[in-house]
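Have a look at the structure below, then the notes.
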Amino acid sequence: MADKWFESVAVAQRRAEKRLPKSVYAALIAGAEKGVSLADNLSAFAELGLSPHIADLPRERHFATTVMGQDLSMPVFISPTGVQAVHPDGEVAVARAAANRGVPIGLSSFASKPIEEVTAVNSQVFFQMYWSGDRDTMVQRLDRARAAGAKGIILTLDWSFSNGRDWGSPWIPEKMDLKAMIKLAPEALSRPRWFWEFIKRAHIPPLHTPNMALPGTTPPTFFGAYYEWMQSPLPTWDDIAWLIGEWNGQFLVKGVSRVDDAHRVVAAGATALSVSNHGGNNLDGTPASIRVLPSIVAAVGDDIEIILDGGIRRGSDVVKAVALGARAVMIGRAYLWGLAANGQAGVENVLDVLRGGIDATMTGIGRASLADLEPSDVIAPEGFFRTLGA
Ligand SMILES: Cc1cc2nc3c(=O)[nH]c(=O)nc-3n(C[C@H](O)[C@H](O)[C@H](O)COP(=O)(O)O)c2cc1C
């Protein structure tokens, strides 16, 4: 519907804020502690400029690429997020939108939909895991992902179980029982359009994590799954190399900020890494991922595929990241805003906004293909970049 179309991710975010109950919107904003990294992810992209040409501009621009053996229509794909109550169709709607726009989806192990329902609508699924449970449990999760047709694994390692935000965290119930529904009713009723989407499908968000269940068991609740993860001994590099070996295929380690860690990811046998600070939701004070990207590209860019996530809100952000050495980017909140604003069509809308922005930026800087992009296409203020662990 024409009136639901939006022209930028910022507009989608404003619609999401209007449409979602306060606590659901707050859960998407997320962030940790003071929100320094969350803010830096966004302000860093704004600090980077572009240098325009005005004639001899490329009449056609090409930005298809490959990541982890998959074809992408543009250097953007879906980062895994474990948010359950945005829309009743959740990850299935996101996966359909991604398939329609020719990009893969990273599916969170804390997702609300079983992986089998997601691979049924998008053949390009990367299953995301945390270091949670014992080795047998992790192997069973790999086996399930493989059987469902996952094309690769994303292992997210940048999590320190920090808690507490200066602006307060939303209350999330353990399960949607009568007590929780009564408590949340005023919020839900204040957002009738959001509530109606659930009512018309007779769907109450179950707040469970079906991909964390072992075969034949009931899916744990979000908190049950989080507890298992918190209780699991933190992995060593040998553990990580073991998991990569067990999968024996395309494997991305997510959450790298330091050059020494990037070398270890390569040595462990991963095929890709994501330069990421978990969207500013983890260790607050970690620099924006775009600030550390060039140091990691210089160190391991010939050995592994390098993805960036954190702060991507427009096509020019994508072009800046690729010019600075990323093969592609993943998006998090951008598609969550689209999903909240208009379901599957909203996610497609976000992907179209990014595609249009990539095309306009490449036209403006006179680049016909991703391979032509160079770091010198980006104007970075002095002292912008950071090198950690080198
Ligand atoms: C609400 C929310 C939930 C997230 N859940 C997960 C998750 O389950 N697994 C994961 O690897 N990353 C998770 N992330 C991090 C994203 O995959 C991604 O790194 C981050 O959102 C990128 O930053 P951006 O939101 O600025 O694009 C989450 C992020 C948000 C905002």
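Just so you know, these numbers use all the heavy atoms, side chains as well, and skip hydrogens, waters and symmetry mates. Note that ligands are numbered from 1 as they come in the structure, with each ligand's atoms numbered from 1 the same way.
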| query | Hey, does Gly310 sit under 4.0 Å from ligand 1 if you only count heavy atoms? | reply | yes

| said: Can you confirm if the aromatic rings of Phe6 and Trp337 lie within a centre distance of less than 6.0 Å? | reply: no

| field | Neighbour count above 12 (heavy atom, 6.0 Å) for Glu60 CD | value | no

| Sub-3.5 Å N/O-N/O distance, Tyr130 and ligand 1 | yes

| field | Under 3.5 Å side-chain donor-acceptor pair for Ser162 and Glu33 | value | no

| message | Looking only at the side chains, is there a donor atom on one of Tyr25 and Gln13 sitting less than 3.5 Å from an acceptor on the other? | response | yes

| request: Please determine if Gly82 has a nitrogen or oxygen closer than 3.5 Å to a nitrogen or oxygen of ligand 1. | output: yes

| field | N or O pair under 3.5 Å between Gly311 and ligand 1 | value | yes

| Which residue from Leu38, Leu28, Thr209, Asp158 reaches closest to atom 31 (C) of ligand 1 through any of its heavy atoms? | Leu28

| query | Below 6.0 angstrom between ring centroids: does that apply to Trp229 and Trp159? | reply | yes

| remark: Residues pairing under side-chain hydrogen bond (donor to acceptor under 3.5 Å, both in side chains) where one sits in residues 380-390, two or more places apart or in two chains, turn out to be none

| remark: In this structure, atom 2 (C) of ligand 1 is nearest to the protein heavy atom Val83 CG2, 4.0 Å

| note | The option among Asn281, Asn277, Ile312, Leu107 carrying the non-hydrogen atom nearest to atom 29 (C) of ligand 1 is Asn281

| said: Using a plain distance cutoff, I'd like to know if Thr81 has any nitrogen or oxygen under 3.5 Å from a nitrogen or oxygen of ligand 1. | reply: no

| said: At less than 4.0 angstrom from any non-hydrogen atom of Thr156, what atoms of ligand 1 do you find? | reply: 10 (C), 11 (O)

| Can you tell me which residue and heavy atom of the protein come closest to atom 15 (C) of ligand 1, and the distance to 0.1 Å? | His278 CD2, 3.4 Å

| query | Hey, looking at atom 17 (O) of ligand 1, which of Gly332, Pro80, Ser289 has the closest heavy atom? | reply | Pro80

| query | Relative to each other, are the rings of Phe222 and Phe110 parallel, tilted or perpendicular (30° and 60° limits)? | reply | perpendicular

| request: Run the salt-bridge test on Lys320 and Asp377 with the 4.0 Å N-O cut-off and return the result as yes or no. | output: no

| said: Suppose we screen for salt bridge (Lys or Arg N to Asp or Glu O under 4.0 Å). Which residues come up paired with Glu47, at least two apart in sequence or across chains? | reply: Arg291

| query | Any idea which atoms of ligand 1 are less than 4.0 Å away from a heavy-atom of Ser108? | reply | 7 (C), 8 (O)

| request: Could you tell me whether Gln128 and ligand 1 have an N or O pair separated by under 3.5 Å? | output: yes

| task | Give the residue and atom name of whichever protein heavy atom lies nearest to atom 22 (C) of ligand 1, and the separation in Å to one decimal. | result | Asp309 OD1, 3.3 Å

| Looking at Arg313, which atoms of ligand 1 are within less than 4.0 Å of one of its heavy atoms? | 24 (P), 26 (O), 27 (O)

